[in-house]
Structure formats: structure tokens, C-alpha cells
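These numbers come from the heavy atoms of this one structure, side chains and all, not from hydrogens, waters or symmetry mates.
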Amino acid sequence: MADTAMSGAGSTGGDDPLQRAIWRLRSRGCWTDAAALLTPHVGKAGQAAAAVQRTALLVERCLFTGQGWSEAEDALRIAEAVAQDDDDRGAAACERGQLAYAATVLGVRDRADEARSALGRAAALLSPGSRTRPLLDFRRGLVAEHLADAPQSARPAYRRAHAGAEAHGDTLLLSFTFRHLAALALRDGEVAEARKGFAESLRIREDLGFLIGTAPALAALAEAEPEPEATRLRAEARRLFHLLGGIPTWLADQLHPAPAVQ
């Protein structure tokens, strides 16, 4: 199962009290509460960005929990309705593509064609310098790798996303691009390169306090580490996974219970 991103722009909130509060909730998996903080701002003049951010939070909830699809769809329709310009419309289309991708990859419903179409529409709408462009590149890489089974197409998309995230200072998105480029390296047998990328992804998430993304990062690094380090990492991932109430749900299959002591 692929870990995936919503916009990490200003992810920890900076000096904005609202954004700091949203980050504290989001980073612990409280997406509904985080989205509720944005509800008063949605629909106001010039607040299309709030509608997109609210949608992104609820879409991320779908991916991590497999729940909340109707709420995400409703938020997405509002974001599309209040969009004021091409950048707003492109950002909303990027979230539509993400929601369709999540439904497909989690086996809820096959919406692969919708995912490709929406992300293609976003690419046509977003300006080359848009802050959403690196996120779009990353998500197009996910579709290429996990829906089209075309890792050779995913790699350049992840690299564009990585370069864009660096240019825009989107540290959280970098944690995703590091991880997915590392996964492709591991697939190609480049274990040292994979280990380096997975470790950097984990470091960023720990530094940012992105708690819900830390267990997947630990489990990913375990795939590139020898024993006994691999077992230690999986045990820590399993502890954090249970601490957070079993999210992300798709990680359960990777975190096999530790063998009983005889």
C-alpha cells in the first residue's frame, strides 16, 4: 500500500495560530476536528484555499482510515464550486484525483480513470510555478506506480515532485518523495540507496512531529535494514500503530505480530 500526501505547504503552521492548530490535529490523525476549524472560512470571499485544505484533510482521512468518503465528496464539491481562478480549480482537481486514487487503491471502487482524468485536468490548470505542482507530480507518480504498474514512469514524476518540494520548502512532501524514490530503489536491488532514502523520510517525519506518518516510515526502513535492526523497527512501528488506534489501516498487513516466546 502506498503512503500518499496532501499539501505540506506550511504544514506545521508557522506563525499562523489556525494553521498550527490544524497541524497538531492532523499530525495525530484528528482529521475531522482539523477540518472543522476551517469550516467557518469556507465559502467566504477569497477563501477558496480554505475549501481545498478542508477537502485535503478529509481525503487524507479516507486514505488512512478507509472511512469518511461521503464527507470528502461533499467537501470536494464545495471546493470546486467556490474556486475563483485556474489555480483554485487545479488544486481542487488534484484533490479529486487523490480521492479517486484512494478509493481505487483501497479497493472501495475502481475509479482509476477518474483519477487520471482529474490529475490531467489539474496539470492543465496549474501554472508551472504553482505551489500545488510538486504535489500533483507526486500523485501522478503514485498513479503510474500503483494503478498503471509503471515504475519507470513513476520515478521521473517523483523526482520532479522532490525538486519542486525542495524549491518551495515543502518539507513534509519531501518525506513522501524520499520514501517513494527509496521504494523504487529497493525494488531495483539498490539496498544502500533505499536505506538512505527511507532513513531521511523517517527523520523528517520525526522532526516535524508527523505522528500518523511515522509508523509507515519505520516499517519502510525495516525493509532495507538487516536483522536485528529490522525487527526492532517493525516492533516500534507496531507499537505506534496500536497507540494511534490502528491507523493507517492498510499498514496492518505489513506489521505481522511478533512471534510468541517459546
Study note, to complete from the structure: Sorted by chain and residue number, the side chain to side chain contact (heavy atoms under 4.5 Å, CB included) partners of S153 (sequence neighbours excluded) come out as A144, A150
Review point. With sequence neighbours left out, which residue pairs that include part of residues 147-157 fulfil the salt bridge (Lys or Arg N to Asp or Glu O under 4.0 Å) condition?
Key: D149-R187, R155-D188
Review point. With sequence neighbours left out, what residues match D33 under side chain to side chain contact (heavy atoms under 4.5 Å, CB included)?
Key: L25, C30
Exercise for review: Please identify each residue that fulfils side chain to side chain contact (heavy atoms under 4.5 Å, CB included) with R89, with sequence neighbours left out.
Suggested key: A83, D86, L125
Less than 3.5 Å apart, which donor and acceptor atoms pair up between the side chains of residues 209-222 and the rest of the protein, not counting sequence neighbours?
from : atom 1 : to   : atom 2 : distance (Å)
T214 : OG1    : F210 : O      : 2.9

Check your understanding: Of all residues at least two apart in sequence or in a different chain, which pass the salt bridge (charged side-chain N to carboxylate O under 4.0 Å, His left out) check with E145?
Key -> none
Exercise for review: List in chain and number order the residues that pass side chain to side chain contact (heavy atoms under 4.5 Å, CB included) with A123, two or more places apart in sequence or in another chain; answer none if no residue qualifies.
Suggested key: R133, L136, R140
Review item, side-chain donor-acceptor pairs of residues 161-169, under 3.5 Å, at least two apart:
from : atom 1 : to   : atom 2 : distance (Å)
H162 : ND1    : T177 : OG1    : 2.8

**Study point:** Any residue meeting salt bridge (charged side-chain N to carboxylate O under 4.0 Å, His left out) with R116, in chain and number order, not counting sequence neighbours
**Key:** D113
Exercise for review: Kindly write out the residues that satisfy salt bridge (charged side-chain N to carboxylate O under 4.0 Å, His left out) with D74, not counting sequence neighbours, or none if the list is empty.
Suggested key: R77
Review point. F241: what forms a ring pair (Phe, Tyr, Trp, His ring centres under 6.0 Å) with it, not counting sequence neighbours?
Key: none
**Study point:** All salt bridge (charged side-chain N to carboxylate O under 4.0 Å, His left out) counterparts of R24, not counting sequence neighbours
**Key:** none
